[in-house]
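Side chains included, hydrogens not; waters and symmetry mates left out as well; all remaining heavy atoms used. Residues: numbered from 1 along the sequence shown.
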Amino acid sequence: DAIYLPLLDLNNVVAIGQGVLGDKHLNGLRYKGIKNVILALDNDGVGPGNTETGIKLLLSKTNIRVAVLNPNDLGNHKDPDEFVRERGVDEFRQVVNKATSAEKWIVNRIFNKYNVHSDLDRQKAIDETLEFSQFIRNEIIKDSLIDELSDKIKISKSTIKQQIRKYRSDSNKNVQNNLLESLNNRLFPFIEKET
């Protein structure tokens, strides 16, 4: 992809190797001063999962604005390279122009896993979205997530913001409790009789 697509005037294409974004990539993005990224990972068994992992990494460790070329938009093609060879660069540009913000893509991915007509499944989707919100550092992106969730579940944005704050507070308490518990499990009293 990184060799073939720039030859067709699709610039700034980078291959990340094995579809897994890592800290080394983030360092390169920071060094180059990149502000926006479109993830276009493979349309195979691991592509959507790698896309989600890449989004979480980018949103939790950078202020880069992330969009996603939905792997399903590649149809039967495994990757952008195959898509372009068979359907042409102009059609691929149309797919790229449909790239979705990462937070909207994640919310849709979460809600597509559940039957939202079931109260229990709907709550699972909400909880998973609240958990994902903890990865987002940028408040503008977080507001976009809140907008998307509000549209999905028809609950006010202020209620969702309140739940995100509560979720963060509860998560911090759990982390602290787990840390104390692990410390307590490692410490044991003993008495030195020599002193």
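- Within a 6.0 Å radius of CG in Asn76, no more than 12 heavy atoms belonging to other residues, nucleotides or ligands are found.
- Residue pairs meeting the salt bridge (charged side-chain N to carboxylate O under 4.0 Å, His left out) criterion with at least one member in residues 25-41, sequence neighbours excluded, do not occur.
- The minimum heavy-atom distance linking Leu39 with Gly54 is given by the pair CD1-C, 4.1 Å.
- Two residues are said to be in side-chain contact when any heavy atoms from C-beta on lie closer than 4.5 Å; Ile160 and Ile153 meet this criterion.
- Using a 4.5 Å heavy-atom threshold, the side chains of Leu149 and Lys157 count as separate.
- Heavy atoms from other residues, nucleotides or ligands lying under 6.0 Å from CG of Asp119 number 12 at most.
- Counting heavy atoms from C-beta on, the side chains of Arg109 and Glu52 come closer than 4.5 Å.
- When all heavy atoms of Leu21 and His25 are compared, the pair lying nearest together is CD1-CB, 3.6 Å.
- Looking at residues two or more places apart in sequence or on another chain, you find no side chain to side chain contact (heavy atoms under 4.5 Å, CB included) involving Thr53.
- Thr100 is linked by a side chain to side chain contact (heavy atoms under 4.5 Å, CB included) to Lys104, Trp105, counting only residues two or more places apart in sequence or in another chain.
- Between atom CG of residue Asn115 and atom CG of residue Leu120 there is a gap of 10.0 Å, rounded to the nearest 0.5 Å.
- Of the residues Thr129, Asp147, Asn108, the one that meets the side-chain hydrogen bond (donor to acceptor under 3.5 Å, both in side chains) test with Lys152 is Asn108.
- Every residue two or more places apart in sequence or in another chain that forms a side chain to side chain contact (heavy atoms under 4.5 Å, CB included) with Phe135 is listed here: Lys56, Ser60, Phe132.
- You'll find the side chain of Leu74 reaches within 4.5 Å of the side chain of Pro80, heavy atoms only.
- Taking His77 as the reference, Phe83 meet the ring pair (Phe, Tyr, Trp, His ring centres under 6.0 Å) condition, with sequence neighbours excluded.
- A heavy-atom distance below 4.5 Å is not found between the side chains of Leu29 and Thr62.
- Applying the salt bridge (charged side-chain N to carboxylate O under 4.0 Å, His left out) test to every pair with at least one member in residues 128-137, sequence neighbours left out, gives these pairs: Lys113-Glu128.
- Expressed to the nearest 0.5 Å, how far CG of Leu130 lies from CD of Gln163 amounts to 6.5 Å.
- Of the charged side-chain nitrogens involved, at least one lies within less than 4.0 Å of a carboxylate oxygen, so that Asp90 and Arg93 count as a salt-bridged pair.
- Side-chain polar atoms of Gln123 and Asp127 form a donor-acceptor pair below 3.5 angstrom.
- Looking at Asp121 and Val116, their side chains never come closer than 4.5 Å, going by heavy atoms from C-beta outward.
- In plain terms, the two heavy atoms of Leu69 and Ala40 that are nearest each other are CB-CB, 3.9 Å.
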